[in-house]
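All values reported here derive from a predicted model rather than from experimental measurement.
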Amino acid sequence: MLVRVGLRFLPLLVFLAGWHLICAGNQRRTFLFSTPGRVAQQFWEDLTSGVLAGHAGITASEALVGFILATLAGTIIGLLLASWSRLSDIVAPYLGMLGAVPVYALAPMTIIWFGIGFWQKAGIAFLSTVFVATNQAFQGASHPPDDQMLIFRAFRARPLQVLWKLRFPVALAWVASGCRLNVGFAFLGAFLGEIISSNVGLGHYIMKASSLYDVPRVLSGVLALLMVAFAIDKAVSALFVARARSMVR
Amino acid sequence: MQLPPTVEEQPLISLEGVQVVYGANHLFTPVHSRIVAGELLSIVGPSGCGKTTFLLVLAGLLRPAVGNRVLENKLVDSRIIYVPQQDALLPWRSLRANLGLGSELQHLGLASAARVEKWARIFNVTSFLEKRVHELSGGMRKRICLARAFCADPSVVLLDEPFNNLDFVDRRRVETFLRTWIAEDRRAAVCVTHDIEQAVAMGDQVGYFSKPPDDPRNDLMRFDVMPIPESLRKHPPSQRWAHPEFHGVVEKIERMFDHG
């Protein structure tokens with residue numbers, strides 16, 4: 001087991017060694033791609049000074065605020081639609097279409113709508129996740145499993161009971177199972193917002209470094225981004241997804 | 001159809017010439033059936049012959065294309081409970097809450113916690129009431145499902161293959177339980193099974209779907225009822241197996257399928 005886990009580091013080591021061998025000692029290549037040593041040094045510096053943690057915290061909070069608001073709003077809208085079929089007959093096609101629109105195309109407009117601060121990034125994160133959440137809640141609530149539906153009919157449950165005791169829990173499970181994908185989108189949205197305009201956040205850190213041709217700093221920012229995204233993904237799947245999966249079946 | 005001697009009164013449910021249509025196909029020739037208080041009707045028949053459909057019509061969950069379903073004056077739909085073949089336990093609820101689902105949906109008073117305890121004891125599931133749904137074996141799930149139905153206090157239960165996944169001991173227990181439950185309070189049960197011996201061991205009558213041999217043009221299943229002889233009926237299920245007449249009745253029903 002230990003050997004097998006150890007082997008997982010092999011590709012990384014090969015990559016780093018190759019990078020070092022190709023780039024170290026060559027000024028042009030070092031300028032373009034930097035070297036593992038320099039990136040590590042830069043990363044360590046910015047990590048210990050707290051710079052990276054500050055930026056990463058901002059980006060993560062923008063993404064999470066957008067994600068949480070979108071999940072709440074999406075769940076409520078999805079449930080409303082599912083329980084009011086006359087409305088959903090009209091709205092459902094639009095919902096599908098809006099879900100397919102790349103929300104990032106609207107990103108530049110968000111400056112006009114939300115300004116250039118925290119809420120612009122949270123706004124993009126919100127817009128890029130709300131449709132998926134709505135759709136998950138709507139689908140879950142309108143298609144509870146047939147066998148569970150039959151049980152409710154067998155006990156002559158009234159429509160309101162079916163809504164609260166069956167459609168609602170199933171919708172929540174569907175929303176939760178969509179969370180993992182969605183939190184990634186929210187993160188991407190917040191990051192993109194920072195690239196468009198910002199004075200803090202990992203997007204800002206990377207943009208600034210890259211306009212100064214400071215490749216070690218760009219890559220150290222990318223490394224931080226990777227770690228934050230990985231941590232959030234793990235946290236979300238531990239919190240919701242595993243539990244939801246056992247419920248959706 | 002020969003009626004058992006007990007039925008002077010109005011049956012709880014009667015089907016009068018009922019036919020169900022799926023797409024362009026009729027499922028069976030018109031069905032006449034009477035569900036009588038105090039009796040258990042076993043149903044056997046080849047797979048896909050319409051046994052589940054028959055139960056759904058009895059339950060009032062499926063409206064027949066032809067014919068009528070008539071309830072006794074005092075009986076209401078909500079007192080007729082259909083127990084599907086699939087467990088359909090709700091994984092987000094504890095098993096205790098699953099067991100109480102039916103009585104909860106039907107608002108059977110505030111004493112429902114005590115009610116749940118009572119039915120958990122009867123079906124021997126008290127020890128795992130706090131577990132989660134996915135931790136249970138098939139037999140445990142089935143027992144919870146049966147308890148869930150009876151906990152809603154029905155007058156008629158319509159059981160769709162309730163013995164699947166139950167072990168030998170539990171089968172005998174459930175059979176015995178059903179007989180005493182029916183006898184208590186003008187109740188009735190209909191039980192679909194694919195085990196003819198079991199149908200004979202617990203039923204007052206055995207309903208069976210078969211193809212009539214005399215009419216080769218007619219491809220539809222026909223529903224008939226064979227009463228269990230009085231000499232066998234007066235014994236509880238556990239004693240019927242060893243009764244000298246038992247195998248005669250079983251073979252008689254088996255022959256109905258052979259020429260089908």
Side-chain angles (χ1 to χ4, degrees), chain A residues 71-72 74-76 78-79 82-83 133 136-180 182 236-249, chain B residues 52-53 55-63 75-94 97-108 112 131-136 141 144-160 162 190:
Chain A
T71 305
L72 286 176
T75 307
I76 292 168
L79 281 173
S83 50
Q136 287 289 102
F138 175 62
Q139 294 298 337
S142 29
H143 306 292
D146 286 344
D147 54 344
Q148 294 174 356
M149 199 63 203
L150 182 59
I151 284 293
F152 276 71
R153 287 182 62 212
F155 287 122
R156 325 284 158 165
R158 289 190 300 276
L160 212 58
Q161 290 178 317
V162 175
L163 180 66
W164 279 111
K165 292 172 198 275
L166 179 62
R167 294 181 187 277
F168 188 55
V170 172
L172 285 188
W174 278 54
V175 170
S177 74
C179 272
R180 187 168 178 190
N182 241 355
V236 166
S237 42
L239 269 176
F240 304 119
V241 182
R243 209 172 299 168
R245 205 163 283 159
S246 74
M247 291 188 181
V248 176
R249 285 183 300 172
Chain B
T52 297
T53 307
L55 290 190
L56 289 173
V57 171
L58 278 176
L61 296 173
L62 186 70
R63 188 184 282 271
L75 187 63
V76 290
D77 266 336
S78 61
R79 303 263 56 79
I80 304 169
I81 289 188
Y82 168 66
V83 184
Q85 218 175 316
Q86 308 90 332
D87 310 330
L89 294 170
L90 308 178
W92 56 88
R93 283 177 168 236
S94 71
N98 264 292
L99 205 164
L101 179 73
S103 61
E104 179 187 323
L105 291 175
Q106 302 202 339
H107 298 294
L108 293 180
S112 74
K131 291 197 179 189
R132 307 300 307 183
V133 171
H134 61 89
E135 295 174 279
L136 296 196
R141 284 160 180 262
I144 296 267
C145 289
L146 290 168
R148 172 176 67 184
F150 286 102
C151 187
D153 197 25
S155 298
V156 182
V157 282
L158 309 168
L159 305 162
D160 203 344
V190 180

Closest heavy-atom pair, B:Y82 versus A:A154, reported as atoms and distance to 0.1 Å, is O-CB, 3.4 Å

Is the backbone N or O of B:L105 less than 3.5 Å from a side-chain atom of A:R156, with the two atoms forming a donor-acceptor pair by type?
no

Of all heavy-atom pairs between A:Q148 and B:W92, which one has the smallest distance, and what is that distance?
OE1-CH2, 3.8 Å

Whether over 12 other heavy atoms sit under 6.0 Å from A:D146 CG:
no

Top contributor to chain A contacts, counting heavy-atom pairs under 4.5 Å, from B:L56, B:L158, B:L61, B:I81:
B:L61

To the nearest 0.5 Å, what is the distance between CD (B:Q86) and CG (A:L150)?
7.0 Å

Report which part of B:A59 has an atom under 4.5 Å of a heavy atom belonging to chain A: side chain, backbone, both, or neither.
both

Which region of B:E104, side chain (C-beta onward) or backbone (N, CA, C, O), has a non-hydrogen atom less than 4.5 Å from a non-hydrogen atom of chain A, or is it both or neither?
both

Heavy-atom closest pair (B:L90 atom, A:L166 atom, distance to 0.1 Å) is CD2-CD1, 4.3 Å

Contact origin within B:I80 toward chain A - heavy atom pairs under 4.5 Å
both

What are the two closest non-hydrogen atoms of B:A152 and A:F155, and how far apart are they?
CB-CE2, 3.8 Å

